[in-house]
Amino acid sequence: MNASKILQQLMQQAGGSQKGGSSSGVDVKGMLSGLSNQLGGGSSGQGGGSSSGFDVKSLLGGGAMGMLVGSKRGRSMGGKALKYGTIAGVGVLAWKAWQSSQAAKNGNEQQNTAQNASEGERVEVLSGEYQERRSLELLQAMIMAARADGHIDEQEQALITEQIDALGADQEMHNWVEQQLKAPLDAQALAREADSPQAAREMYLISVAVTDDQNPMERAWLDQLGSALNLPKEMTTELERQAQQAG
């Protein structure tokens, strides 16, 4: 399975979208134009929408990232709901949130090396099987969060899988994504996948990035996940603050 490759491309894509472009190397505009035509919609209608519920105009810069979140009916892309900067820098931002929470507790005292090590490494500095495992954790968290409002139907699931495949997913990864798009939403099961406190923070943060906390179902999912991950309220608040600042 090549989860780390897919996550890295999604993070790069998010970084490119934040700057108004796409760095994935995928012909996103052409692909989505074709998908729009297949669905009987187009990018020239009011608001750039299509009859399927996709906001095609908004998806053009988002590739697989936009497909995953933009498939949710009524979701506006590129605004507060999808935080590209948070996805692109999830590891650093989750670490900053921990540092900020520790500073608030302990003043400006420097955290010792043992304390830092016990928290776990950031996703971007992991390698090998450890990076693969963390990547799977984050991809699973992202997919579950995107499904939290229950608005991804079977046709949209197939389109999302197609877009992930376009990033170079191998067959095992393809099958895994299909499974995650159909699996029951279970915050406790998802939380058990976290391999460290840092992983838990990253999983919550990437979930924040693809949800809208003004949507009651999505807010409820974030609350369930935060509790399942054993993240204190002050930590989830700080993670959400970091996401808001990063955009």
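None of these values were measured; they are calculated from a predicted model.
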Option passing side-chain hydrogen bond (donor to acceptor under 3.5 Å, both in side chains) with Q242 (candidates E240, E238, Q244)
E238
Is the side chain of Q157 donor-acceptor paired with the backbone N or O of L181 at a distance under 3.5 Å, no angle test?
yes
Give, for atom CG of L7 and atom CD of E132, the distance between the pair rounded to the nearest 0.5 Å.
9.5 Å
Looking at L167, is its backbone amide N or carbonyl O close enough to the side chain of Q9 to form a donor-acceptor pair, meaning the two atoms are under 3.5 Å apart?
yes
Got a donor-acceptor contact below 3.5 angstrom from the S227 side chain to the D223 backbone?
no
Does one hydrophobic cluster hold both L138 and L126, with members joined at side-chain heavy-atom distances below 4.5 Å?
no
Find out whether E137 and R134 are in side-chain contact, i.e. whether some heavy atom of one side chain is under 4.5 Å from a heavy atom of the other.
yes
Contacts of Q171 meeting side chain to side chain donor-acceptor pair (under 3.5 Å) (sequence neighbours excluded), chain-then-number -> N175
Report yes if the side chains of N215 and W221 come closer than 4.5 Å at any heavy-atom pair, otherwise no.
no
List the residues meeting side chain to side chain donor-acceptor pair (under 3.5 Å) with N2, not counting sequence neighbours, and say none if there are none.
none
Please identify each residue that fulfils side-chain contact (heavy atoms from CB on, under 4.5 Å) with R122, with sequence neighbours left out.
V92, W95, E124, V125, Q198, E202
Would you check if I160 and Q163 make a side-chain contact, meaning some heavy-atom pair closer than 4.5 Å?
no
